[in-house]
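Each ligand, and each atom within it, is numbered from 1 in the order the structure gives. Only this structure's heavy atoms are used, side chains among them; waters, hydrogens and symmetry mates stay out.
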Amino acid sequence: MSQLSKKETFSTLGTLRSYERAGRGIILDFGGPRVAITVLTQRVIRVRLAPDGTFAARRSWAVARADDQFPQVAFEIEESGGALTLKTASLAVLIERDRGSLSFADAEGKPFCADETGMQWGEPEAGTRRVACTKRIEADEHFFGFGERTGPLDKLNRQLINWATDPALGHGPGTDPLYLAIPVFMALRHGLAYGIFFNNTWRSRFDMGARRPGTWTMEAEGGELDYYVVFGPAPQQVSEGFAALLGTMPLPPRWALGYHQSRWGHATESMVRELAGEFRRRGIPCDAIHLDIDHMNGYRVFTWNPQGFPDPQTLLSDLRRNGFHTVAIVDPGVKSDPDFRVYREGMERDAFIRRADGSVFHGYVWPDDSVFADYTRPEVREWWGEMQKAFVDAGISGIWNDMNEPTVFELPYSQGTGEVGTIDLDAIQGPEGEQTIHAEVHNLYGQGMARASYEGLRRYLGERPFVLTRSGFAGIQRWSACWMGDNSSWWEHLEMAMPQLMNMGLSGVPFVGTDIGGFVGNASADLFARWMQFGALSPFCRGHSMIATEHHEPWSFGPRVEAICREFLRLRYRLLPYLYSLFWEAARHGTPVLRPLLYHFPDDLATYQLHDQALLGPQLLMAPIYHPGREHRYVYLPAGAWYDWWSDELIAGPAHLLAHAPLERMPLYVRAGAIIPGGPDLSYADERALDPLTLDLYPGDGTFTLYEDDGRSFEYERGQFCTTSYTLRRTGGRLDFEIGPREGAYIPPARQIVIRLHGVDEQAMEGHPGASFDPEHRLLTLQFSDDGSTRTLRFKMQ
Ligand code: MIG
């Protein structure tokens, strides 16, 4: 964003003249420029600048709820000397009269998000102007989130551009930006977390102390200076604030939590049948087969290649009978071909983006000369949604949206694509009466497309759809899962996958994954095994690879790696009740599924730079190996007691340890007090009911809530679900395990409960005549039938 750095005179606010209380907040008058501060919740404050004094009636493209949809919240205004203070029950906003600078403070007066240079704006140019705001970085403050990025977990000292981009030739640790543009971050220091959503869809940039140490800046090439401050003080509360603002992921169908197998190059029905058959023959669980662009007829979206896929309906229903769902890719480029229905209909409806001169915009993508639907228009989304019907009729249950930054080639594909660009920045887009140029809505292109896919699929499937997208903006979780695009089969990209996915979670997007094994290039056997270990415990779990590379299926690397893939995918499937409950938590509260350790240990500064360990939910800690030939790695366990997943050895944290990790093992730890609900081995997620329900208990104090529903309908939105809360409490020589009442309308099928109590001695059996004890593993096992009623089990401890 060289233009933003160029020397330019920026205006600043000056002295506060007056203010007025206005509905949910206050409006500050600086004798021309005005600033609106709106109280959305006790913890969520919106700040908007109007350089000319008028707040344009403007669309907030990404927020899930407009300001007036938040319930009214009480706040007070105090005047004292040179400052004005707005107070809610949780925080204060201080406004300095002489400079108009804003700062925030928690209930104890600890400052955060304080203006340094404060708000600035440039001269109007072609109907818009540059805006910026510079704030102070507090001592020991660090920055996380920002969507999908290369590089480390902590983004202090980095610049991050928000501009959806396909870095077509691959990416390295310094590449920025990538496909998703999510101007959302979380600032964290000891005792205080807050979040920022920069509500601006233009090309923008965060500078987190790179240009001027001690300050951070958000700046955009156009649009408004409009941002939301989401106060914690705990990371969880920041996630909840983002959820209130940007929405949460609807529950995906349970099958989408299974393993997905993809590959560019599955060009025929027989290849697909063989692939699916192989999973079942080899006893490797799998739920979904993805069809890449090879399935299309001349790369025409929503069509089938008659040679490769002469009878998709029979193929897909055969797959379905065998427990496989089919996900098909849909790109935005619509082949410019008068004989092609999608093109014809789109032209009739004037659905395609037009250039500034009024002619339809054309660009090259896979089908060569193509046109692009304008998904910012509701009627265009509706029409695109209708296109899903033919796919649903053929048996498709998920859509994979690719190339939706959008990517436009310089040359026809037959001539090698040339440079990769996008739609003309001055092309015309937007709903009637709200027309704007591509530059304002570029970052929303993938979002609108994913939304159209989701809404159309939802309508025709009548069940929960699965949508996967490469591009998106803040709030993309409301419609789609995301993968991190074209990584390579490099150890460095396995390493990078961890902070990428964790930062996506902190940005409000929980359903995320990377191409297991790497997309570009050939994975080595040990890279594939290590990536599968991490991928099997990632929220979205898909193997994918590029055309003309070596095969990357779980069995492509010989029996040793195949056994590792089988073991870890089976583990994922056994953990589905746990994972599904985490997805429900994400759907309700915006909580990430995969979390950096700082999420649960925000006061332990040693976790802030820990990019290579992750928590799956609150209880399971993984420490993947991401170097060739390594069989040991350094692991940090924060305060508290931990169990080694494989040996049940008890480890007291905080501890730095060297974990032994032969190729078959990814170091895994469980927090003391963990209650992990699990199920039987499965070949696919809905193969059979959850019976027995296994509860793995690790002595200590903890709680967990199991969530259950039918796994595929929208009945849960009408209350057809149930939860069961479990509590583990350790007091002296006693461990109490409480099964709370099953709450909610959904009744799971009758089943057995198997309790597996880890790390105990023989006396734990006392009073449990039916229990068995394995002294070697110090494991007590106990079984009874589950009638949904409450129960307390008491175990004697040493
Ligand atoms: O530039 O559809 O990221 O997953 O296999 C290639 C072909 C276009 C890019 C996607 C990748 C997909 C590929 N696509």
Under-4.0 Å salt bridge between D686 and R712: no
F324 ring center near Y684 ring center (under 6.0 Å): no
Would you say the ring centers of F144 and F185 fall short of 6.0 Å from each other? no
Examine F372 together with F352 and report whether their ring centres are nearer than 6.0 Å. no
Do any nitrogen or oxygen atoms of D515 come within less than 3.5 Å of a nitrogen or oxygen of ligand 1? no
Are W491 and H627 close enough that their ring centers fall under 6.0 Å? no
Please write down residue, atom name and distance for the protein heavy atom closest to atom 12 (C) of ligand 1. D292 OD2, 3.4 Å
Can you list the ligand 1 atoms lying under 4.0 Å from a non-hydrogen atom of M403? 8 (C)
Within 4.0 Å of some non-hydrogen atom of D402, the atoms of ligand 1 are 2 (O), 3 (O), 8 (C), 9 (C), 10 (C), 12 (C), 13 (C), 14 (N)
Using a 4.0 Å cutoff against the non-hydrogen atoms of H544, which atoms of ligand 1 qualify? 4 (O), 5 (O), 11 (C), 12 (C)
In this structure, is the centre-to-centre distance between the rings of H493 and F519 below 6.0 Å? no
Are H544 and W400 an aromatic pair by the rule of ring centers under 6.0 Å? yes
Under 4.0 Å from any heavy atom of W400, which atoms of ligand 1 are there? 4 (O)
Output the list of atoms in ligand 1 that are nearer than 4.0 Å to some heavy atom of W483, sorted by atom number. 3 (O), 4 (O), 10 (C)
Lys/Arg-Asp/Glu bridge criterion (N-O < 4.0 Å) met for K335, D368: no
What's the shortest distance from atom 6 (C) of ligand 1 to any protein heavy atom, and which residue and atom give it? W366 CZ2, 3.2 Å
As an exercise, identify every atom of ligand 1 less than 4.0 angstrom from a heavy atom of I329. 2 (O)
Less than 3.5 Å between some nitrogen or oxygen of D486 and one of ligand 1, yes or no? yes
For R470, the ligand 1 atoms whose distance to one of its heavy atoms is below 4.0 Å: 3 (O), 9 (C), 10 (C)
